[in-house]
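Have a look at the structure below before the remarks.
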Amino acid sequence: MRGYRRHASVRRIIDSPSHGVVEMVYRFLAAAVLLVHLGFILFVVAGAALVAWRRRLLPVHLAAVAWGVVVEVTGAACPLTVLENRLRLLAGTVGYAGGFLDHYLLALIYPAGLTRGMQWMLAAAVLALNAVLYARILRCHRRGPH
């Protein structure tokens with residue numbers, strides 16, 4: 001009975017004149033999650049540059065890199081992707097068609113034809129790039145201020 005009541009309340013929202021507003025809010029939230037996702041990916045890939053500037057970001061960045069590599073290597077679903085897709089479904093949209101953000105950012109975050117082998121290569125590239133950046137940070141840190 002509980003599920004039916006929940007279903008009935010959702011049905012009232014869908015049938016209400018403000019349903020378009022609700023869809024618009026979900027589309028906005030999905031776009032916001034997409035931007036956060038892009039920011040996270042950029043932080044994983046090149047966050048060591050921020051660590052050089054703000055050392056206290058080191059544990060946050062290392063955790064982000066570990067998470068990014070685990071997701072790529074295991075093929076696990078990223079919670080941000082799951083949340084974004086859920087919001088898109090609630091908005092009544094399917095797939096990723098439409099809008100500036102979708103057109104320019106989705107292909108970067110979700111490239112077409114991404115294979116498991118490519119995911120492994122991406123994970124290795126992220127680790128290698130961060131190893132190089134951290135090596136430079138350590139080398140500069142050991143030299144000390146000039």
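These numbers come from a predicted model, not from an experiment.
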About how many Å separate CG of L34 and OG1 of T81, when rounded to the nearest 0.5 Å?
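Result: 9.5 Å between the selected atoms.
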If you look only at distance, which donor and acceptor atoms sit under 3.5 Å apart when one is on a side chain in residues 65-75 and the other is two or more places apart or in another chain?
residue, atom, partner, partner atom, Å
T74, OG1, V70, O, 2.6
T74, OG1, A76, N, 3.2

Side chain to side chain donor-acceptor pair (under 3.5 Å) partners of R136, counting only residues at least two apart
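R136: no side chain to side chain donor-acceptor pair (under 3.5 Å) contacts found.
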V33: side-chain contact (heavy atoms from CB on, under 4.5 Å) partners, not counting sequence neighbours:
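Listed in chain order: L80, L83, E84, L87.
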Who else is in [X]'s hydrophobic cluster (ILVMFWY, side-chain heavy atoms under 4.5 Å, direct or via others)?
| X | result |
| --- | --- |
| L58 | F43, L50, V51, W53, L57, V60, L62, Y134, I137 |
| M121 | none |
| L114 | M118, L122 |

So which atom in [X] and which in [Y] form the shortest heavy-atom distance, rounded to 0.1 Å?
| X | Y | answer |
| --- | --- | --- |
| R27 | A91 | CG-CB, 3.5 Å |
| P59 | R56 | CD-O, 3.5 Å |
| A46 | L133 | CA-CD1, 4.4 Å |

Can you establish whether the number of heavy atoms outside R116 located under 6.0 Å from its atom CZ is more than 12?
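Yes, because the 6.0 Å sphere around CZ of R116 holds more than 12 heavy atoms from other groups.
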Common cluster, V132/V126, ILVMFWY with side-chain heavy-atom separation under 4.5 Å
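Not linked; separate clusters.
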When you measure from the side chain of N130 to the backbone of V44, do you find a donor-acceptor pair of N or O atoms at a distance under 3.5 Å?
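Here the side-chain-to-backbone pair exists.
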